[in-house]
Amino acid sequence: MNDDRLAIVVAKPRAQDVIDALQEEGVYDADRSVAEHGADAVAIPVTEAPETVAYREVVQQVGQPRLRTLEDHLRERGWTDEELDTAPGSWAVIGSVVLVDIGDAPRPEEVGAALLTMHGEADTVLARGPISGTHREPDVEVLAGEGDTQTVHREHGIAYGLDLAEVMFSPGNKAERKHMGDTVRKGERVLDMFAGIGYFTLPMAAAGAEAIAIERNPTAFQFLLENAMRNGVQDHVQAYRADNRDVLAEGLDSFGEASTVDRIVMGYYDATEPDDEGGYTYLDPAIDALAPGGIIHVHEATPETLVFERPIERIEAAATAQDRTVEVLDTRRVKGYSEGVAHVVVDARLE
Ligand SMILES: C[S@@+](CC[C@H](N)C(=O)[O-])C[C@H]1O[C@@H](n2cnc3c(N)ncnc32)[C@H](O)[C@@H]1O
């Protein structure tokens, strides 16, 4: 473990009080010298975030010290104000990996080293490039650390094993992953058409749903199977490595499943894509497989001017073509997708 991954910064006159409390709680290594930080403050390296009673008492007396920011770290490395303006404002910690959009920042490896110092739980920092292709494969570059891109990310009680160099993980979809676990009922039959490593399948199966998960990327599929076992839900996940259109064209019943499901998740930006014949590539087979009264969760990357209108219109058009009626239950913005384009979800019940 890096010795200086986490540090608290306090004004010098009070620093000794804080050090005493930290030593008492065993989170400060007394053999290490206290680093000078600016003219009037001291950076105190600690081995874990201090959450202890004695520490809180000190904070009550001297005020809340602050954790060192990325800006603090880069300033120490000589970054100018102008350069700091280009430093990343946010990043994600996924298991043992820090994932950062490096943008126009100079000296990315210094950003990597600083982030590694700040995140004691991480051993690798990756710069995130574009995610491309229908398999949604990421392009990443190791900035700092051991370069181990395989990790297990824990979120809302679910463990997601993955290799960030091989498959995507979208930190911005966290609330949506939780929502899918919260929304299913025990015993419900659900179909995850774009399952990936189990982003939505796992929380739904853990909540008691019986899930059919389809994923065509072999690497993501391998993680999906491992993750079902990792979370102890393998008996509630029936996984198919296939194109969902092929599975649905055959009919779920030809695979020994019930012919329809109660709920379908379409976690793919192009889920509402029209086809060349006036229909919809994925919506048509999905609606066909949805039981009367079933619920569909449709994701889309939507231009801001068309937010909610376009995905709702497409769902309605596809449903009408199959003599089904649509009740929109909810609409959500998940995150920004690109300049002027939002990642949105529509939940709808189809009678
Ligand atoms: C965008 S990723 C999953 C995103 C995920 N829902 C999330 O929250 O981050 C979409 C997945 O669908 C898979 N996929 C795309 N088209 C597919 C198809 N026609 N059949 C099966 N899987 C497909 C891709 O390989 C990818 O793993």
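In what follows, every heavy atom counts, from backbone to side chain, and hydrogens, waters and symmetry copies are set aside.
There is no path of hydrophobic side-chain contacts, each under 4.5 Å, that joins Ile212 to Ile295. Linking ILVMFWY residues whenever their side-chain heavy atoms come closer than 4.5 Å, directly or via other members, leaves Val334 and Ile315 in distinct clusters. Follow the hydrophobic side-chain contacts under 4.5 Å out from Val328 and you reach Ile264 in the same cluster. By the criterion of side-chain heavy atoms lying less than 4.5 angstrom apart, applied directly or through intervening Ile, Leu, Val, Met, Phe, Trp or Tyr residues, Val184 is grouped together with Val265 in one hydrophobic cluster. Note on Leu84: it clusters hydrophobically with Met118, by side-chain heavy-atom contacts below 4.5 Å among ILVMFWY residues.
The CD1 atom of Ile296 lies 6.0 Å from the CG atom of Leu350; values are rounded to the nearest 0.5 Å. Within the model, atoms CD of Glu155 and OH of Tyr199 stand 11.5 Å from one another, a figure rounded to the nearest 0.5 Å. Atom CD of Glu226 sits about 11.5 Å away from atom CG of Asn231, to the nearest 0.5 Å. Here the straight-line distance linking atom OH of Tyr240 with atom CG of Asp246 works out to 13.5 Å at 0.5 Å rounding. Of the inter-residue distances, the one linking Asp101 atom CG with Arg128 atom CZ reads 4.5 Å to the nearest 0.5 angstrom. Distance check, rounded to the nearest 0.5 Å: CD1 of Ile214 to CD of Gln238 gives 11.0 Å.
A side-chain N or O of Arg263 and one of His297 form a donor-acceptor pair less than 3.5 Å apart. Remark: the Thr124 side chain and the Asp148 side chain contain no N/O donor-acceptor pair separated by less than 3.5 Å. Between the side chains of His156 and Lys178, no donor N or O sits under 3.5 Å from an acceptor N or O. Thr201 and Asp192 share a side-chain donor-acceptor pair at under 3.5 Å. Using modelled atom types, one finds no donor on one side chain facing an acceptor on the other under 3.5 Å when comparing Trp79 with His73.
Ring-centre distance between Tyr269 and His299: not below the 6.0 Å cut-off.
Between Glu300 and Arg314 a salt bridge is recorded (basic side-chain N to carboxylate O distance below 4.0 Å). With respect to Asp347 and Arg332, a salt bridge is recorded, a charged nitrogen being found less than 4.0 Å from a carboxylate O. A salt bridge does not link Glu313 with Arg310: every distance from a Lys NZ or Arg NE/NH1/NH2 to an Asp or Glu carboxylate oxygen is 4.0 Å or more. With respect to the salt-bridge test (charged N to carboxylate O, under 4.0 angstrom), the residues Glu351 and Arg324 do not qualify. Classification of Arg189 and Glu210 as a salt-bridged pair fails, no side-chain N sitting under 4.0 Å from a carboxylate O.
Between Trp91 and Val98, the shortest heavy-atom distance links the atoms CD1-CG1, 3.7 Å. The minimum heavy-atom distance linking Val237 with Ala205 is given by the pair CG2-CB, 3.8 Å. The minimum heavy-atom distance linking Ala239 with Leu224 is given by the pair CB-CD2, 4.0 Å. The two residues Glu250 and Phe255 have their closest heavy-atom pair at CB-CE1, 3.6 Å. Listed here is the closest heavy atom pair of Tyr280 and Thr272: CD2-O, 3.3 Å. Annotation for Asp123 and Leu116: closest pair C-CD1, 3.7 Å, computed over non-hydrogen atoms.
Surrounding CG of Asp104 are at most 12 heavy atoms belonging to other residues, nucleotides or ligands under 6.0 Å away. Under a cut-off of 6.0 angstrom, the local environment of CZ in Arg77 is crowded, with over 12 non-hydrogen atoms contributed by other residues, nucleotides or ligands.
Within the 4.5 Å cutoff, the side chain of Arg216 has heavy atoms near those of the Arg245 side chain. Annotation: side chain of Leu70 is in contact with side chain of Leu115 (closest heavy-atom distance under 4.5 Å). For the pair Ile197/Tyr160, a side-chain contact is recorded, criterion being any heavy-atom separation below 4.5 Å from C-beta on. A heavy-atom distance below 4.5 Å is not found between the side chains of Glu166 and Leu164. Contact annotation: the side chain of Arg333 approaches that of Val307 to within less than 4.5 Å [non-hydrogen atoms, C-beta and beyond]. Side chains of Glu257 and Ser259 form no contact here, defined as non-hydrogen atoms less than 4.5 Å apart. With a 4.5 Å cut-off on side-chain heavy atoms, Met266 and Leu283 count as touching. Side-chain contact between Thr219 and Asp163 is absent, with no heavy-atom pair separated by less than 4.5 Å.
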Derivation and outcome, side-chain contact (heavy atoms from CB on, under 4.5 Å), residues Val152 and Arg230: CA-CA 10 Å; Val152 178; Arg230 180 173 271 124; 3.9 Å; yes

Residue pair Leu162, Thr151: steps toward the side-chain contact (heavy atoms from CB on, under 4.5 Å) verdict: CA-CA 6 Å; Leu162 75 165; Thr151 191; 4.0 Å; yes

side-chain contact (heavy atoms from CB on, under 4.5 Å) evaluation trace for Ile102 with Leu143: CA-CA 10 Å; Ile102 210 73; Leu143 290 182; 3.8 Å; yes

side-chain contact (heavy atoms from CB on, under 4.5 Å) between Asn244 and Glu215, worked out: CA-CA 7 Å; Asn244 52 41; Glu215 171 55 51; over 6 Å; no

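The main-chain N or O of Gly278 is found under 3.5 Å from a side-chain atom of Asp275 such that the two form a donor-acceptor pair. For Asn227 (side chain) and Gly198 (main-chain N/O), no donor-acceptor pair under 3.5 Å exists by modelled atom type. Side-chain atoms of Gln322 come within 3.5 Å of backbone N or O of Asp284 as a donor-acceptor pair. A donor-acceptor pair under 3.5 Å links the side-chain atoms of Asp72 to the main chain of Thr69, judged by distance alone. Using a distance-only test at 3.5 Å, with no hydrogens or angles considered, no donor-acceptor pair links the side chain of Thr183 to the main chain of Met180.
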